[in-house]
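Structure, as structure tokens:
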Amino acid sequence: LKRLHFGHCVVSVDMYEIRKGFGEIKEMTQAQDQYTSIRLLHRSYSLPDTKTEDRCCFFHYLLEFYLANVFNQCQIYSNFHQRRVSRIANNFLTVKKELNLCDTVTTCPCGKEAIHRYEQILSRFERMDSHSAALKALGELDILLEWIDKTE
Amino acid sequence: AERSPLIQQATFWSTNFENIFTWDHGRETSPGTVYDVQYKTYGAVWQNKSECQNITQHFCNLTRETESYTERYYARVRAVVPDCCVSKWIKSLRFCPKEDTVVGEPEVKYIPNIRSIKFIIQPPYTPLRDEDNQTLTVEDIFSQFDVIRYQIIIFCENTQQKWKKTENNKEFEISELDPGTEYNGTIHIKYLGKISKPRKFRVKTLPDNLWMP
């Protein structure tokens, strides 16, 4: 488990389970991503480099983004892969519930930086057709996990 | 017209962060076929690998171009058959050196004593260097992300005894062995939930000359 500390709020992320699930969909998602000149989770606006006070909000946005725009948008035809995506999605739901238990108003203030960074991701996402964009975001889960890993 | 002399299995082969882009030619290669290679950082644009334009071999060393080991990369290759045609670009899967490199077997020094053997492990070197231009080992790199461990499996054919130990240090001693006895086994490096290639060894403890029959 990776514990993320946002003020007095602690959120646990089951990195092992998510990584395991991603390891089994990685090749499928990344091989189908034909837009290799587009990267959604760009290192110039990564989570670990976000100002401490904005990190919780940005993290919250990322969770919402994946839950709302990625996991349910992906048309994945194989049951094998669909089950892995569902398992990852459930993991994200658990993290989101934990985060919501924190008093997000005080714990997760949304400053300009968090909003700007999230808008960067969303604007790139929305420039693509929804299926390709969702597939790309899914194939970038390893980047998101790396961000979470690096976030102190 | 574009006829595609088939290129297959365009992929990165990486050991100890030496990153080689390789490909197979599907059918008999027409004489004079040459290959062009390009590479990119994921999210950026394609670039020619200058040393791998119009080449006849089926590999291209992209170690220098993929030095940032947490970055993600692609490479692609096309075949050019003189007076005929140019194939499509055949792309690799997304490649992340830190995730995809394989760690080779470590070097090991053994110092046998009468009832113990001391092991001194040297993790493989990589082509990468630090700011002081010192060559980095795989341990230098992976220890930034995880605890590196050394797993030793040691076996005695005489007694059919077998030990398996995991150590955090590169120097450790296995004791309570029998004098003048041969032991063999393997040593692996464990990193990021993965395991390196095994270093096999065969060592004999020193005889106990003090022992009087």
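Within every chain, numbering begins at 1; the chains are lettered A, B, ... in the order of the sequence lines, protein sequences first and strands thereafter.
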(request) Using only the SG atoms, decide whether B/Cys52 and B/Cys60 are less than 2.5 Å apart. (result) yes
(message) Any donor-acceptor pair under 3.5 Å linking the side-chain atoms of B/Gln38 with those of B/Asn48?
(response) yes
(message) Against the six-membered ring of A/Phe80, is A/Arg84 placed for a cation-pi contact (under 6.0 Å from the centre, within 45° of the normal)?
(response) yes
(request) With a 4.5 Å heavy-atom cut-off (strictly below), which parts of residues 19-33 of chain A touch chain B? List them by number. (result) A/Lys26, A/Glu27, A/Gln30, A/Ala31, A/Asp33
(request) Report yes or no: do B/Ser14 and B/Asp100 form a side-chain donor-acceptor pair below 3.5 Å? (result) no
(request) Name all residues meeting the side-chain hydrogen bond (donor to acceptor under 3.5 Å, both in side chains) criterion together with B/Ser68; count only those two or more places apart in sequence or in a different chain, and write none if there are none. (result) none
(message) What part of A/Arg124 gets within 4.5 angstrom of chain B, counting heavy atoms only: side chain, backbone, both, or neither?
(response) neither
(request) Kindly write out the residues that satisfy salt bridge (Lys or Arg N to Asp or Glu O under 4.0 Å) with A/Glu113, not counting sequence neighbours, or none if the list is empty. (result) A/Lys51, A/Arg117
(request) Examine whether an atom of B/Thr70 lies under 4.5 Å from a heavy atom of chain A, and if so say whether it belongs to the side chain, the backbone or both; otherwise answer neither. (result) both
(message) Does atom CD (B/Gln57) have a neighbourhood of more than 12 heavy atoms from anything else shown, all under 6.0 Å?
(response) yes
(message) Any donor-acceptor pair under 3.5 Å linking the side-chain atoms of B/His58 with those of B/Tyr35?
(response) yes
(message) Looking at B/Ser116 and B/Pro112, would you say the former's side chain and the latter's main chain have a donor-acceptor pair under 3.5 Å?
(response) no
(request) Verify whether one side chain among B/Asn16 and B/Thr126 offers a donor that lies under 3.5 Å from an acceptor in the other. (result) no
(message) Please output the residues of residues 131-144 of chain A in contact with chain B, using a heavy-atom cutoff of under 4.5 Å, in numerical order.
(response) A/Lys136, A/Gly139, A/Glu140, A/Asp142, A/Ile143
(message) If I measure from the heavy atoms of chain A, does B/Tyr42 come under 4.5 Å with its side chain, its backbone, both, or neither?
(response) both
(message) Let's test your reading of the model: do A/Cys56 and A/Cys9 have SG atoms under 2.5 angstrom apart?
(response) no
